[in-house]
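So the structure is just underneath, and the comments pick up after that.
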Amino acid sequence: MRTLSQFSGRKAASGAVAAPEMSGDASKTLEEILRAAANEGASDVHFEPKEHGLLVRFRLDGEAREHRTVPVSLRDALLARGKIFGGMDITEKRLPQDGRAVMKEGEKRLHLRLSTLPTVYGESLVIRLLDQSMPNMSFEAMGMAPLQAAAVREALSGPAGLIFITGPTGSGKTTTLHSALHALDTKGKVVHTLEDPVEYEFPGIRQTEVREKIGLTFAASLRALLRQNPDIMLVGETRDGETAQLAIRGALTGHLVLSTLHTNDALAAIPRLRDLGVESFLLAAALRLVAAQRLVRKLCPECREVHPQNQRLCAEHGIPDAVFYRPHGCPACRSRGYRGRIAIHEVIPAAKFAAAIEANAPVAELAAIRDREGHLTLWQHGLAAAARGLTSIEEVARVL
Ligand SMILES: [Zn+2]
């Protein structure tokens, strides 16, 4: 693995890179861009080759924003430097590649995941920045309501069972699973994760990186892991029937299994698991908790303003005395009106649902139980966050 300082001093490895002074400029430019991305807290840097240059965009709080355009004279050299940095083959331009690297920026140690994909004007390069110094975030700090956080901790304290976090890509599911690992009492226990990729390294926890390309799928690694009999298993994603059934088997044979599913809300996990071939009675016995999640941008506290249609919004959403805000924009938030993100949740402890799950009840019936038990939906939790001035109604509506 390369570090940024090693990389800066490296000579181009092949004649495919432009003249030496050009490649030096490309290195310097790439380094400047990555440092800026790290300082601004970007999660990804997108290098997009265009006919007249290389468009560089940062993904900040989920939103892609233009950083700069690198002149066409540096375009190919910069992409080549990026590939060398990621340990990729710079002579291969027709096939997608992936690589990794490490950089230090101030106190931060960033693990980088790089990937290329050919486009009309050259390869597009995406660099994901994974902050290894990520603070150990509590569920409440992430945005969970106290009752929701208590329900998750209760589910995590059990010796066995299945816990799912659901949501689309980029909804922060992995971060929540990692917070769950931090929250677990792992003393005297064997904890093993299967991840794609391993984003954060946990001391004292065994982590396996799934590699579909060579056949080390979630299902294959989970089958092997069950034979090793760990106490707690984290399965990065359940996307096929075999993984789902192995996870259920694990949960029913004394293991605590944490995983994620791509569903829009928490209750949709139940029909999804049935679709994946899980028997309802096994699901009812194994499931401890499902939580759905979305990330919403936080309003900049310096410049948020009271929503001009505040009264109408309150009436519409049945909230008598709340004040809703909307973004404005100021230097502190670089005119975006939002700074940072929080998660909104729907947390469903499964115990009260077991009979209905076993009886193959439709989602409407499960939703009636949810409402009767007083568990917030994503929308209700988002509305509560907006009523506290943390985010805007428009932002909550955008992610749902
Ligand atoms: Zn602001």
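One is the number of the first residue; the rest follow in order along the sequence.
Here the closest non-hydrogen pair linking R341 and R297 is CG-CA, 3.8 Å. The two atoms that bring E195 and Q207 nearest to each other are OE2-NE2, 3.0 Å, heavy atoms only. Smallest separation of non-hydrogen atoms from V45 and A37: CG2-CB, 3.5 Å. Contact detail for A386 and S392: the closest heavy-atom pair is CB-C, 4.1 Å. Closest approach of I342 to A385, counting heavy atoms only: CD1-CB, 4.3 Å. The nearest pair of heavy atoms linking M88 to L125 is CE-CD1, 4.4 Å.
Although no hydrogens or angles enter the test, the distance criterion places no donor-acceptor pair under 3.5 Å between the side chain of E154 and the main chain of P349. Panel note: side chain K173, backbone S259; no donor-acceptor pair is recorded below 3.5 Å. In this structure, T176 contributes its side chain and G172 its backbone to a donor-acceptor pair below 3.5 Å. At distances below 3.5 Å, not a single donor-acceptor pair connects side-chain atoms of D44 with backbone N or O atoms of R59. A donor-acceptor pair is defined here as one N or O able to donate and one able to accept, closer than 3.5 Å; no such pair exists between the side chain of D231 and the backbone of K189. In this structure, the side chain of R370 does not engage the main chain of A266 through any donor-acceptor pair within 3.5 Å. Q148 places a side-chain N or O within donor-acceptor distance of the main-chain N or O of H345, the cut-off being under 3.5 Å. Side chain of R288 to backbone of I163: no donor-acceptor contact under 3.5 angstrom is found.
Side-chain contact between M233 and L194: absent, with no pair of heavy atoms (C-beta onward) separated by less than 4.5 Å. Within the 4.5 Å cutoff, no side-chain heavy atoms of L299 are placed close to those of R326. The side-chain heavy atoms of I248 and L162, taken from C-beta on, include a pair separated by under 4.5 Å. Here the side chains of L184 and L181 are in contact, with some heavy-atom distance below 4.5 Å. Side-chain atoms of E373 and I369, non-hydrogen and from C-beta on, do get closer than 4.5 Å to each other. Counting heavy atoms from C-beta outward, L110 and K104 have side chains that stay 4.5 Å or more apart. Side-chain contact between T260 and L177: present, with at least one pair of heavy atoms (C-beta onward) separated by less than 4.5 Å. Put simply, the side chain of H328 does not reach to within 4.5 Å of the side chain of R304, judged on heavy atoms.
Hydrophobic clustering (ILVMFWY, side-chain heavy atoms < 4.5 Å, transitive): V70 and F58 are in one cluster. Under a hydrophobic-cluster definition in which Ile, Leu, Val, Met, Phe, Trp and Tyr are linked whenever side-chain heavy atoms come within less than 4.5 Å, directly or via other members, L313 and Y325 are assigned to different clusters. Linking Ile, Leu, Val, Met, Phe, Trp and Tyr residues whenever their side-chain heavy atoms come within less than 4.5 Å leaves V296 and L376 in two separate clusters. L273 and I357 fall within a single hydrophobic cluster, where Ile, Leu, Val, Met, Phe, Trp and Tyr side chains are chained together by heavy-atom contacts under 4.5 Å. The cluster map of Ile, Leu, Val, Met, Phe, Trp and Tyr, joined by side-chain heavy atoms under 4.5 Å apart, puts I348 and W379 in different clusters.
Using a cutoff of 4.0 Å between basic side-chain nitrogens and carboxylate oxygens, K83 and E123 are scored as salt-bridged. Salt bridge status for R68 with E66: absent, with no side-chain N to carboxylate O gap under 4.0 Å. A salt bridge links R35 to E31: one of the charged nitrogens lies within less than 4.0 Å of a carboxylate oxygen. Taking 4.0 Å as the cut-off between side-chain N and carboxylate O, R336 and D61 count as a salt-bridged pair. Between D98 and K213 there is a salt bridge, since at least one side-chain N of the basic residue sits less than 4.0 Å from a carboxylate O of the acidic one. Salt-bridge annotation for R274 and E279: absent, with no side-chain N of the basic residue lying under 4.0 Å from a carboxylate O of the acidic one. Remark: R239 engages D196 in a salt bridge, criterion side-chain N to carboxylate O under 4.0 Å. Of the charged side-chain nitrogens involved, none lies within less than 4.0 Å of a carboxylate oxygen, so that R339 and E63 do not count as a salt-bridged pair. A salt bridge links E242 with R223: at least one charged nitrogen is closer than 4.0 Å to a carboxylate oxygen. Remark: R100 engages E209 in a salt bridge, criterion side-chain N to carboxylate O under 4.0 Å.
With rounding to the nearest 0.5 Å, the separation of OG1 in T169 from NE2 in H262 is 4.0 Å. To the nearest 0.5 angstrom, T217 atom OG1 is 10.5 Å from I214 atom CD1. The structure places CD of E237 at 13.5 Å from CD1 of I165, a figure rounded to the nearest 0.5 Å. Here the straight-line distance linking atom NE2 of H178 with atom CD1 of I205 works out to 8.5 Å at 0.5 Å rounding. Of the inter-residue distances, the one linking I344 atom CD1 with S171 atom OG reads 10.5 Å to the nearest 0.5 angstrom. The CD atom of E51 sits 4.0 Å away from atom OH of Y121, with the distance rounded to the nearest 0.5 Å.
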Practice problem: Kindly determine whether R206 and Q228 satisfy side chain to side chain contact (heavy atoms under 4.5 Å, CB included), including the steps that lead there. | Solution: CA-CA 12 Å; R206 303 192 308 220; Q228 295 204 340; 3.5 Å; yes
Quiz item: Checking ring pair (Phe, Tyr, Trp, His ring centres under 6.0 Å) for the pair F202/H182: CA distance, chi angles, key distance, verdict?
Solution: CA-CA 9 Å; F202 290 91; H182 278 295; 5.2 Å; yes
Quiz prompt | Derivation of the side chain to side chain contact (heavy atoms under 4.5 Å, CB included) call for C333 and C303 | solution = CA-CA 8 Å; C333 59; C303 66; 3.7 Å; yes
Quiz item: Can you list the steps and then say if T253 with H255 is a side chain to side chain contact (heavy atoms under 4.5 Å, CB included)?
Solution: CA-CA 6 Å; T253 52; H255 309 274; 3.3 Å; yes
Practice problem: Starting from the C-alpha separation in whole Å, work towards a yes-or-no answer on side chain to side chain contact (heavy atoms under 4.5 Å, CB included) for L366 and I270. | Solution: CA-CA 9 Å; L366 299 172; I270 290 152; 4.0 Å; yes
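No hydrogens or angles considered: nothing links the side chains of S221 and T208 as a donor-acceptor pair under 3.5 Å. If you check the side chains of R57 and H46, you find no donor sitting under 3.5 Å from an acceptor. Defined by atom type and a distance below 3.5 Å, a donor-acceptor pair is missing between the side-chain atoms of H381 and Q293. Looking only at atom types and distance, the side chain of H307 has a donor-acceptor partner in the side chain of E394 under 3.5 Å away. Checked by atom type, the side-chain pair R272/T263 shows no donor-acceptor distance below 3.5 Å.
Counting non-hydrogen atoms of other residues, nucleotides and ligands closer than 6.0 Å to CZ of R211 gives a total of 12 or fewer. Heavy-atom neighbours of Q311 CD from other residues, nucleotides or ligands within 6.0 Å: at or below the threshold of 12. Heavy atoms of other residues, nucleotides or ligands lying less than 6.0 angstrom from CG of L147 number 12 at most. The number of heavy-atom neighbours closer than 6.0 Å to CZ of R398, taken from other residues, nucleotides and ligands shown, is above 12. Heavy atoms of other residues, nucleotides or ligands lying less than 6.0 angstrom from CZ of R334 number 12 at most.
For the salt bridge (charged side-chain N to carboxylate O under 4.0 Å, His left out) condition, no pair includes a residue of residues 354-366, sequence neighbours left out.
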